[in-house]
Amino acid sequence: MNKIKLANKLNISPLIHGLWRLPDWNMSDQKLLQLTEQLIELGITSFDHADIYGNYSCEEAFGNALFLKKELRRDIQLITKCGIKLNTHKFPERKIKIYDYSYKYIISSVENSLVNFGTDYIDLLLLHRPAPFFDPEEVAKAFSYLKQSGKILHFGVSNFNPQQFDMLNSYLDDKLVTNQVEISPYCLENFENGNMDFFLKERIKPMAWSPLAGSEILLPQGEKGQRIFNSLSEVANELDVNSIDKIAYSWLLKHPSGIIPIIGTGKISRIRNAIDALNIDMSIEQWYKIYIASKGKELP
Ligand SMILES: NC(=O)c1ccc[n+]([C@@H]2O[C@H](COP(=O)([O-])OP(=O)(O)OC[C@H]3O[C@@H](n4cnc5c(N)ncnc54)[C@H](OP(=O)(O)O)[C@@H]3O)[C@@H](O)[C@H]2O)c1
């Protein structure tokens, strides 16, 4: 599987494995290690986390699995996020959920992530969400310290719009390398809010979270999901492809911006379907069939 270059010295796999749902998978450290090794063998070497996943438990669980085979660290790229402070029993002093991008909090969050993963560096740190209270000078100071200390190799953001991305970038020496946003046949928001044009202009490859809309396009509960399901099934028939999740992934991979889907399942057969999608090439007409099904109306 060819790697994708996000920056000088940052090459990641064209599919990322996302660990948000890890608590649902009920895996022992050994099982998670096995899965991770299988993924690396298949060419998926990049792993997406956040400090808060699993109520602050997923990074540590992944670190425990890595501990069983420490040499894997050099074969993988670790992505994690910071900035959201959950109101949870783990932090009884917090009365409400807030976003904190102060120098002090960013550093302490990263220090924590490093301990959780049992590593001394993280390949890519993302700011999890844009915030109404945000001091880019504090963020720049934190990034500069983290870079110089070798604790974080690269920086990016998640769920930012072009203005927010540009604003932060203007304060940074080490430029942002990606924006992780929700993109799927169900969620077209980033085609419509200027982000996709911005990615193309800036040559930024976006990461797509919830590429299957959390399964709504495979097991639809609503009318829109059903329309998309029908269009995916039609295209699957036309291309003689046996599983419609492959079509959903290939719809993302087809886009000229170089979307990198984040796979949300822990089931190896479903992960293999995502890999198969790398070899499917739909026509532009088929791409639009799915887009139009999602919109629920013809193009203007
Ligand atoms: N930056 C952000 O704000 C943000 C937000 C959300 C997520 N993320 C990242 O994005 C990753 C992926 O998100 P996601 O988990 O929502 O992705 P997703 O692929 O849209 O949804 C995964 C869900 O779909 C189900 N699924 C997968 N393949 C299926 C199939 N063939 N048939 C039926 N169901 C199927 C999975 O169930 P099974 O587990 O049973 O296969 C799982 O419940 C996360 O792990 C996280 O790393 C980032």
Side-chain angles (χ1 to χ4, degrees), residues 12-13 15-27 31-32 35-36 39 44 46-55 57-59 61-62 76-84 86 97 99 113 117 122-131 155-161 164-165 176 178-190 195 206-221 225-226 228-229 232-233 236 241-253 259-277 294:
I12 63 163
S13 47
L15 298 163
I16 296 172
H17 193 229
L19 280 295
W20 175 38
R21 297 180 195 267
L22 176 59
D24 301 340
W25 305 341
N26 288 317
M27 280 186 187
K31 276 267 174 251
L32 181 56
L35 175 68
T36 308
L39 289 174
I44 297 177
S46 307
F47 296 88
D48 185 66
H49 288 264
D51 54 342
I52 58 172
Y53 286 175
N55 192 20
S57 71
C58 293
E59 287 182 337
F62 196 80
I76 65 172
Q77 300 79 46
L78 281 178
I79 303 163
T80 198
K81 315 185 189 79
C82 70
I84 300 177
L86 295 182
K97 176 183 184 179
Y99 302 159
S113 296
F117 287 129
I122 286 161
D123 299 86
L124 176 60
L125 176 73
L126 307 180
L127 301 189
H128 207 147
R129 288 192 166 274
F155 302 92
V157 291
S158 180
N159 302 303
F160 275 44
N161 68 29
Q164 292 158 339
F165 190 103
L176 300 167
T178 191
N179 189 0
Q180 185 179 120
V181 293
E182 183 176 10
I183 320 173
S184 71
Y186 195 91
C187 178
L188 304 181
E189 182 189 333
N190 286 285
N195 248 341
M207 297 176 180
W209 61 262
S210 292
L212 306 175
S215 83
E216 173 58 24
I217 56 178
L218 306 177
L219 307 164
Q221 306 292 310
Q226 187 63 52
I228 299 168
F229 174 90
L232 293 172
S233 306
V241 167
N242 61 0
S243 188
I244 64 166
D245 50 351
K246 298 182 185 179
I247 300 296
Y249 288 118
S250 72
W251 184 85
L252 292 167
L253 292 164
I259 296 171
I260 306 164
I262 311 175
I263 302 168
T265 178
K267 300 194 170 91
I268 196 70
S269 60
R270 290 177 172 177
I271 295 169
R272 283 182 197 279
N273 285 350
I275 295 171
D276 286 351
S294 179

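Counting convention: from 1, in listed order, for ligands and their atoms alike.
The residue S243 has no part lying near ligand 1, judged by heavy-atom distances below 4.0 Å. Residue L19 touches ligand 1 through its backbone alone, judged by heavy-atom distances below 4.0 Å.
Taking a 4.0 Å cut-off on heavy atoms, H128 registers as neighbouring ligand 1.
Each of the atoms 28 (N), 29 (C), 30 (C), 31 (N), 32 (N), 33 (C), 35 (C) of ligand 1 lies under 4.0 Å from some heavy atom of L218. Taking a cut-off of under 4.0 Å to the non-hydrogen atoms of K81, the atoms of ligand 1 that pass are 1 (N). When each atom of ligand 1 is checked for a heavy atom of D245 under 4.0 Å away, the hits are 31 (N).
In terms of polar-atom proximity, Y249 is not counted as a contact of ligand 1, lacking any N or O under 3.5 Å from an N or O of the ligand.
Between P211 and the choices L15, L252, D245, the side-chain contact (heavy atoms from CB on, under 4.5 Å) rule is met once, by L252. Exactly one residue among N161, V181, N159 makes a side-chain contact (heavy atoms from CB on, under 4.5 Å) with N190. That residue is V181.
Around atom 1 (N) of ligand 1, the closest heavy atom drawn from A274, G264, S269, S158 belongs to S158. The closest heavy-atom contact to atom 46 (C) of ligand 1, among the options W209, Y186, Y53, F47, comes from Y53. The option from L127, I262, I217, T80 that lies nearest to atom 12 (C) of ligand 1, judged by heavy atoms, is I262.
No side-chain donor-acceptor contact under 3.5 Å links H128 to the backbone of V157. One N or O on the side chain of K81 and one on the backbone of H49 form a donor-acceptor pair closer than 3.5 Å.
The NE2 atom of H17 sits 7.5 Å away from atom CZ of F47, with the distance rounded to the nearest 0.5 Å.
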